[in-house]
Amino acid sequence: MTAGTHEAAGADDGRWLRVRDLEIWRGEHCLFEGLDFELAPGQLALLVGPNGAGKTTLLRTVAGLTPPSSGEVSWTSRPVRSLEPEKRTDIAYRGHLDGLKRELTVRENVEFHAALSGITVDTDALLAELGIAHRRDVRVRHLSAGQRRRTALATLRVGGAKLWILDEPMTHLDAAGHTLVAGWIREHVAQGGLAIVATHRPDELASRGTLMIEL
Amino acid sequence: MPTSSAFNAVLSRDLKLSFRRWSELANPLIFFVIVAALFPLALAPDDSSQLTSIGIGVVWVSALLSSLLGLDALFRNDAEDGSLEQLLLSPAPLGIVVIAKIAAHWLVASVPLIVLAPAVGLAFDLPIAAQPTLFAALLLATPTLSVLTALGAALTLGVRSAGSIIGLLVLPLATPLLIFGARATDLAAHGEATAGPLYLLAALAVLAVSVGPVAVAAALRVGVE
C-alpha cells in the first residue's frame, strides 16, 4: 500500500468507494435499481453493458455530477456530492467530452487543469510521454480526435487522484494509445489506486480481482 | 490559496479565450453603435432638439440590449466541450469560479462599452457635464447586469436555443438599472445632484456581486445534471 492509502484508511474499513442501493431514472424509464458495489484501494471495476444501458449516467452519479433517484454513493464514508475540497481532488472523472478549450494550446489546457486543482505540472515531460510533445503549442482544435483524447487523459497522471472514473477512455485512440492507457490504468491500480472504467472491450483491462459490473 | 489561484486561472483562461475570438467580442459593440445610430435616421430631420431629449434613453437602452448579445455563450461553450464538468468537479469553490468568469466577461464586454458610451452620447448632443455621470452610472450598472445575465445563462443551460429566453428572463430584472442609470444621467444633464440614483446603482451592484454568484453556482449544478 502506498502512503496515500494510510491517510484515509479506517474511514470505511478499506472500502473507499461504496455504492448502496442505487436507483436511477431517466425520464419515465428506470435505468437500474438496487445497484450495490464497493471498491477497495488497488481494485479496478469494469462497467459493461449495451449502448443506452446507463453506463455514462452511473459514472456521472459516482463522480457526483448527477444526483441518484435514490440510494447513495459515498467516498471514504462521505456522500460524494458533499465532499470537502481536499477530498474532491481524490476523484477524477473523464467523460465523452474532453474538457479541453479548442482555442487554447495543448500546453495551456494542461496547465489550466493543473492550476485549477492547485498542482504544478512538468508539462513537457508529460506531453513527451504521451507522444504529443511536438504538438504542445498547437491549438486543440487543430488536433486529431485521438490526440485530443490523449491530452484529456494526460492530466489524470499528474492530478494525484485516487479514484479514476473513465467513460470509454479508449475511444478514438490508436493501437499504441490503447496500450498506453491500459498500462496507465494497470499501473494506477497496482499502486493502490481505484478505477471504474466503462468499456466495450473488458478483455483489454480485466485481470484477477477485477470487479465486473454489468448493466 | 487554492481559492485565489483558481480565480486567477479561470480569469486568465477566459480572457485569453476572448482575445482569441475577437469577433464575438466586437459584435455587441458594433450592435450598440448601430442601434444608437439608427435613431437619428428615424426622427424628423428638422428638429435636433428631439435628439437631445431622447439621447440619454437611447444610449441606455442600446447598452442594455447589446450586453445581452452573446451572453448565451458564457457557460454554454464550457458545457459543450466538457470544461464545465471539470470546473464543477474541481476542488475550487464553484462560486469563485463563477465570479472569475463573470469578471472576465465584464472586463472584455462591459469595459469597452463604458468607454464607448460617452462618445455615442456626444453624438446625441449630450452635455459634457453629464459625461462623467454617464460613465460612473454605467460603471456601477454593468456589474449587476453581468451577474443577471450570467444567472439567465446558467438557468437556461439545458434549453436548446436560449438566446431569447435569457432576454425575457433578464430584461425585467434589469429595469431598475435602466431607470436609475438614465435618471442619473438626466439629472446630470440638467445640472442637478446625481448622488441618489448612483447610490442605488451601487447598492444593487453590491447585492448582485455578493449574492449572485451563489445563485449562479446553484443553477449550474442543476444545469449539468
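Proteins get letters first, then strands, A, B, ... in listed order; numbering begins at 1 in each.
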*With a cut-off of 6.0 Å (strictly less than), are more than 12 heavy atoms of other residues, nucleotides or ligands near CZ of B:F39?*
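Open: at most 12 neighbouring heavy atoms sit under 6.0 Å from CZ of B:F39.
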
About how many Å separate [atom2] of [Y] and [atom1] of [X], when rounded to the nearest 0.5 Å?
{"X": "A:R88", "Y": "B:L88", "atom1": "CZ", "atom2": "CG", "result": "9.0 Å"}
{"X": "A:T89", "Y": "B:L89", "atom1": "OG1", "atom2": "CG", "result": "11.5 Å"}
{"X": "B:S83", "Y": "A:L116", "atom1": "OG", "atom2": "CG", "result": "10.0 Å"}

*Under a 4.5 Å heavy-atom cutoff, which of A:G95, A:P85, A:G99 has the most pairs with chain B?*
A:G99

*Flag the one option from B:R221, B:K16, B:E85 with the top tally of heavy-atom pairs under 4.5 Å to chain A.*
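Among the listed options, the one with the most contacts to chain A is B:E85.
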
Select one option (side chain, backbone, both, neither) describing which atoms of [X] are under 4.5 Å from chain B's heavy atoms.
{"X": "A:R148", "answer": "neither"}
{"X": "A:L104", "answer": "both"}
{"X": "A:H113", "answer": "side chain"}

*Contact listing (chain B partner; residues 59-68 of chain A; heavy atom under 4.5 Å)*: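 Interface residues of residues 59-68 of chain A: A:R60, A:A63, A:L65, A:T66, A:P67.
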
At a heavy-atom separation under 4.5 Å, does [X] approach chain A through its side chain, its backbone, both, or neither?
{"X": "B:L84", "result": "neither"}
{"X": "B:N77", "result": "both"}
{"X": "B:V10", "result": "both"}

*Which atom names give the shortest non-hydrogen contact between B:S5 and A:A115, and what distance separates them?*
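In this case the closest contact between B:S5 and A:A115 is OG-O, 3.9 Å.
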
*Which heavy-atom pair separates A:L97 from B:A79 by the least distance, and what is that distance?*
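Where A:L97 meets B:A79 most closely, the heavy atoms are CD1-O, 3.7 Å.
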
*Going by heavy atoms in the side chains, are A:E108 and B:R13 under 4.5 Å from each other?*
no

_Salt bridge or not between A:R26 and B:E225? Use side-chain N to carboxylate O under 4.0 Å._
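Looking at B:E225 together with A:R26, the answer is no, because their closest N to O distance does not fall below 4.0 Å.
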
*Criterion salt bridge (Lys or Arg N to Asp or Glu O under 4.0 Å) on B:D81 and A:K101, from CA distance to verdict*: CA-CA 7 Å; B:D81 63 21; A:K101 296 312 281 185; 2.9 Å; yes

*Donor-acceptor pair, B:R20 side chain versus A:E103 backbone, under 3.5 Å?*
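Side chain of B:R20 to backbone of A:E103, a donor-acceptor pair under 3.5 Å: yes, one is there.
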
*asked:* Strictly less than 4.5 Å between heavy atoms, which residues of residues 97-120 of chain B line up against chain A? Please order them by number.
replied: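 Expected list: none.
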
